[in-house]
K.L.:
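This structure is in structure tokens; I'll ask about it shortly.
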Number of protein chains: 2
Amino acid sequence: MNEKAATIYDIAKLAGVNPSTVSRALSTPGRINAATEAKVHAAAKELNYRANPFARALPTGKTRMIALMVSDITNPVFFKVVRGAEKVAAENGYTLVVAESIESSKVEAETLQRILPSVDGVIFGTTRLSDDEIHQANREKPVVLINRIVEGVADVVPDNEPGIAQAVAHLASLGHKHIGFLGGPTASWINADRWNLLMKHAVEAGMTVVSIGPNLPTVEGGRDAVDEVRASGVSAIITYNDLMGIGLLRAVSAAGIKVPEELSIVGFDNIFGSDFTSPPLTTIEMPLERIGGNAVRALLATFEAQDGTVPHGSEETTSLLVRGSTTKAKA
Amino acid sequence: MNEKAATIYDIAKLAGVNPSTVSRALSTPGRINAATEAKVHAAAKELNYRANPFARALPTGKTRMIALMVSDITNPVFFKVVRGAEKVAAENGYTLVVAESIESSKVEAETLQRILPSVDGVIFGTTRLSDDEIHQANREKPVVLINRIVEGVADVVPDNEPGIAQAVAHLASLGHKHIGFLGGPTASWINADRWNLLMKHAVEAGMTVVSIGPNLPTVEGGRDAVDEVRASGVSAIITYNDLMGIGLLRAVSAAGIKVPEELSIVGFDNIFGSDFTSPPLTTIEMPLERIGGNAVRALLATFEAQDGTVPHGSEETTSLLVRGSTTKAKA
DNA sequence: CTGATTTTGGCAAGCGGTTGCCAAACAATT
DNA sequence: AATTGTTTGGCAACCGCTTGCCAAAATCAG
């Protein structure tokens with residue numbers, strides 16, 4: 001429980017050199033004589049030395065830790081994002097701190113305050129923070145936003161358009177004329193983006209499209225939309241996310257409406273479990289793991305960039321994944 | 001991006017006192033005069049002071065960070081564990097670092113080495129590490145194990161027995177005589193525990209029980225068991241976890257076997273999505289969120305305990321959650 | 001009102017690294 | 001061989017906070 005870790009002073013003594021030499025041998029390869037360097041490394045190995053990250057962080061200000069803030073860690077959308085981020089962070093010798101804001105901007109702000117001093121930068125999953133608060137954070141430490149665009153702040157947002165275009169084309173080819181969009185959080189940038197793109201493509205395809213909700217972006221939110229969906233008379237509906245799609249699918253089936261024969265449903269994200277339903281949910285896939293990884297890469301890039309430029313967007317894209325919840329519109 | 005944070009020296013200057021007084025005012029309430037303390041607090045507020053956690057960690061050795069190691073962060077079993085742990089950690093002013101070992105003991109050992117110096121203690125979700133490696137880690141920093149018991153190391157393991165007893169009783173009351181257990185990782189302590197308890201209770205209930213697999217503890221692992229399950233002739237099967245249960249349910253249905261009429265299936269854990277299937281999976285519920293929270297509490301307790309005692313077990317228990325995947329055995 | 005006791009707050013030494021500066025040692029140049 | 005240029009590695013200050021020690025100030029007893 002209490003083996004005291006070796007310090008550079010221990011190594012210095014063992015190797016018969018000055019602590020500063022040890023420091024340089026370990027963190028500035030080439031700065032000192034190769035033979036001395038080898039001797040120091042040998043001593044370090046022998047003592048099973050691992051640098052105290054705090055002692056290192058003090059003078060340099062660099063902690064090699066990155067925070068990833070998510071609104072709800074039990075939301076499966078984040079699983080793969082976290083994995084992708086964790087993987088890239090570890091590859092680069094960084095440690096990822098995952099924090100949850102429990103869908104509350106107050107908690108999020110507090111957590112941010114608690115964590116900010118400990119990390120070199122922050123990635124916001126879906127944040128509830130205002131643009132101002134984000135700018136404020138960005139003034140202290142580099143920030144990367146996932147699925148949101150704020151002027152002057154780095155972001156990673158995949159292109160929603162291909163997936164939506166494909167989904168619309170898919171529904172059009174199945175004869176759907178009047179479709180719906182079950183909306184999620186109105187404050188959400190991505191919700192607006194998806195809705196706007198859907199309108200654009202639906203109109204271009206000669207369909208009419210209506211907005212339903214907005215509801216909570218959860219299974220319950222989907223379930224609660226069944227009356228409104230039914231009342232709207234649409235033959236197909238695209239939901240803000242899979243959670244809502246799954247909730248809707250299950251509630252609608254329970255109400256005796258056949259999916260997909262009487263109602264086609266398209267989700268968004270391809271989360272874990274979206275293929276567990278009967279029928280399995282047709283969905284627009286987001287490359288979540290790559291998004292998480294790219295967010296970390298973007299953050300690391302801002303660490304390098306002394307010119308203050310911030311990376312934007314992403315080469316990532318979305319695409320339709322046709323499963324069982326869509327079929328021909330009833331004649 | 002670069003606003004330099006205020007230090008206790010800035011506060012000291014503003015409040016007209018010595019830095020050490022500031023330090024005491026902030027971290028040892030009552031140590032100094034109430035008026036002075038108030039003055040310091042006012043100054044701190046004004047400068048928007050937040051202590052540099054690294055500077056604090058250096059002399060004290062306490063980082064107020066806890067690591068939670070999980071084998072696979074995309075495994076839904078961990079979502080709630082992480083949430084519970086994060087919540088309790090935050091409540092106590094600790095920051096949770098979640099690390100993933102990608103189901104590899106090599107990665108796990110490396111990650112552990114990287115993280116250990118930064119944290120006050122470690123919680124192992126399902127670890128692949130050997131008892132020796134765990135003891136080694138426990139020698140450096142306090143360790144808490146979830147779902148595993150190792151001599152001399154603190155653990156949080158809920159009682160599997162009630163849930164299994166209830167599941168057996170449930171199946172017995174439905175007329176099942178010959179049941180199966182689809183096993184997961186053989187090296188897993190909890191897999192053995194579940195199997196042993198199942199044998200005990202099945203025998204007591206006058207049933208026969210066979211072990212099938214072991215397979216991977218994933219949806220694929222469940223899917224791959226369909227032939228063996230079919231060959232075994234069991235009328236009901238309990239799977240090591242829900243992932244396997246879901247995989248089996250879907251594969252078996254796809255093969256034309258009706259669930260639950262021809263085969264009853266009981267999962268384990270009640271993970272996210274286990275109610276998405278048709279029929280929804282009957283499962284033995286684990287109080288995952290509480291387990292995560294209790295693991296953190298256990299760790300915090302060892303921080304306090306100077307006598308080196310380690311907490312064991314948990315008041316948490318398991319219970320059967322009957323949904324749609326179980327019914328009467330065919331006559 | 002004086003001596004003893006308790007409060008209060010300053011001083012300074014760390015915690016374990018990093019790094020600018022400099023001198024000694026060595027190599028290269030004429 | 002003398003001079004200039006490079007390496008190499010030691011010294012010491014510093015990062016921001018904590019804490020043991022001590023003296024001055026305030027409080028309490030007698």
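Throughout, protein chains are lettered first and strands after them, A, B, ... in sequence-line order, and every chain is numbered starting at 1. What's counted below: heavy atoms across the whole structure, side chains too, no hydrogens, waters or symmetry copies.
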K.L.:
Reckon T28(B) touches a base, only the sugar-phosphate, or nothing at all at heavy-atom distances under 4.0 Å?
P.N.:
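Result for T28(B) = nothing.
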K.L.:
Does S20(A) contact dC11(D) through a side-chain donor or acceptor facing the base, at a distance under 3.5 Å?
P.N.:
yes
K.L.:
In residues 286-297 of chain B, what donor-acceptor pairs under 3.5 Å come from side-chain atoms, sequence neighbours left out?
P.N.:
from, atom 1, to, atom 2, distance (Å)
R290(B), NE, E316(B), OE1, 2.9
R290(B), NE, E316(B), OE2, 3.3
R290(B), NH2, E316(B), OE1, 2.9
N294(B), OD1, R297(B), NH1, 2.8
N294(B), ND2, R290(B), O, 3.4
N294(B), ND2, E316(B), OE2, 2.8

K.L.:
Please give me every residue in residues 56-66 of chain B whose heavy atoms get under 4.0 Å of an atom in DNA chain D, ordered by residue number.
P.N.:
R56(B), L58(B), P59(B), T60(B)
K.L.:
Quick one: list whatever passes salt bridge (charged side-chain N to carboxylate O under 4.0 Å, His left out) with R50(A), sequence neighbours left out.
P.N.:
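Here the qualifying residues are E140(B).
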K.L.:
Which residues, if any, of residues 34-55 of chain A bring a heavy atom under 4.0 Å of DNA chain D?
P.N.:
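Close to the strand are T36(A).
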K.L.:
Does dT18(C) have OP1 or OP2 sitting under 4.0 Å from an N or O in the side chain of S23(A)?
P.N.:
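True: S23(A) side-chain N/O within range (under 4.0 Å) of dT18(C) OP1/OP2.
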K.L.:
Of all the nucleotides listed (dC17(D), dG17(C), dG10(D)), which has the minimum atom distance to the side chain of V17(A)?
P.N.:
dG10(D)
K.L.:
Do any pairs count as a salt bridge (charged side-chain N to carboxylate O under 4.0 Å, His left out) and have a residue in residues 17-30 of chain A, sequence neighbours left out, and if so which ones?
P.N.:
none
K.L.:
Who are the salt bridge (charged side-chain N to carboxylate O under 4.0 Å, His left out) partners of K45(B), not counting sequence neighbours?
P.N.:
none
K.L.:
Identify which nucleotide among dT8(D), dT19(C), dG9(C) has an atom closest to any side-chain atom of N33(A), counting heavy atoms from C-beta outward.
P.N.:
dT8(D)
K.L.:
Please report, to 0.1 Å, the donor-acceptor pairs under 3.5 Å made by any side chain of residues 91-101 of chain A, with sequence neighbours excluded.
P.N.:
from, atom 1, to, atom 2, distance (Å)
N92(A), ND2, V88(A), O, 2.8
T95(A), OG1, R114(B), NH1, 2.9
E100(A), OE2, I73(A), N, 2.8
E100(A), OE2, R83(B), NE, 3.2
E100(A), OE2, R83(B), NH2, 2.8
S101(A), OG, V70(A), O, 3.3

K.L.:
Answer yes or no: side-chain N or O of Y9(B) and base N or O of dC17(D) forming a donor-acceptor pair under 3.5 Å.
P.N.:
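By the distance-only test, yes, there is a pair.
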K.L.:
When all nucleic acid strands are considered with a 4.0 Å heavy-atom cut-off, which category describes A15(B): base, sugar-phosphate, or nothing?
P.N.:
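It contacts nothing in the nucleic acid.
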K.L.:
To 10°, what angle do the rotation axes through the five end pairs on each side of the helix from dC1(C)-dG30(D) to dT30(C)-dA1(D) form?
P.N.:
30°
K.L.:
Return each pair, listed once, that meets ring pair (Phe, Tyr, Trp, His ring centres under 6.0 Å) where at least one residue sits in residues 40-86 of chain A; pairs must be two or more places apart or across chains.
P.N.:
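Qualifying pairs: F54(A)-F54(B), F79(A)-F79(B).
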K.L.:
Assess, by modelled atom type and distance only, whether the side chains of T127(B) and E108(B) contain a donor and an acceptor separated by less than 3.5 Å.
P.N.:
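Present: a donor and an acceptor within the cut-off.
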K.L.:
Please name all residues satisfying salt bridge (charged side-chain N to carboxylate O under 4.0 Å, His left out) with D159(A), sequence neighbours left out, ordered by chain then number.
P.N.:
none
K.L.:
Quick one: do E133(B) and S130(B) satisfy side chain to side chain donor-acceptor pair (under 3.5 Å)? Show the steps, please.
P.N.:
CA-CA 5 Å; E133(B) 289 172 306; S130(B) 67; 3.3 Å; yes
K.L.:
If you look only at pairs with a residue in residues 98-139 of chain A, which of them pass as a ring pair (Phe, Tyr, Trp, His ring centres under 6.0 Å), with sequence neighbours excluded?
P.N.:
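Listed by first then second residue: nothing to list.
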K.L.:
So, under a plain 3.5 Å distance rule, would you say the side chain of R24(A) forms a donor-acceptor pair with the base of dG17(C)?
P.N.:
no
K.L.:
Using heavy-atom distances to pick each residue's nearest nucleotide on DNA chain C, tell me which of V22(A) and R31(B) is more 5'.
P.N.:
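Taking each residue's closest nucleotide, the earlier one in sequence belongs to R31(B).
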K.L.:
Please name all residues satisfying side chain to side chain contact (heavy atoms under 4.5 Å, CB included) with T7(B), sequence neighbours left out, ordered by chain then number.
P.N.:
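If we apply the side chain to side chain contact (heavy atoms under 4.5 Å, CB included) test to T7(B), skipping adjacent residues, the hits are Y9(B), D10(B).
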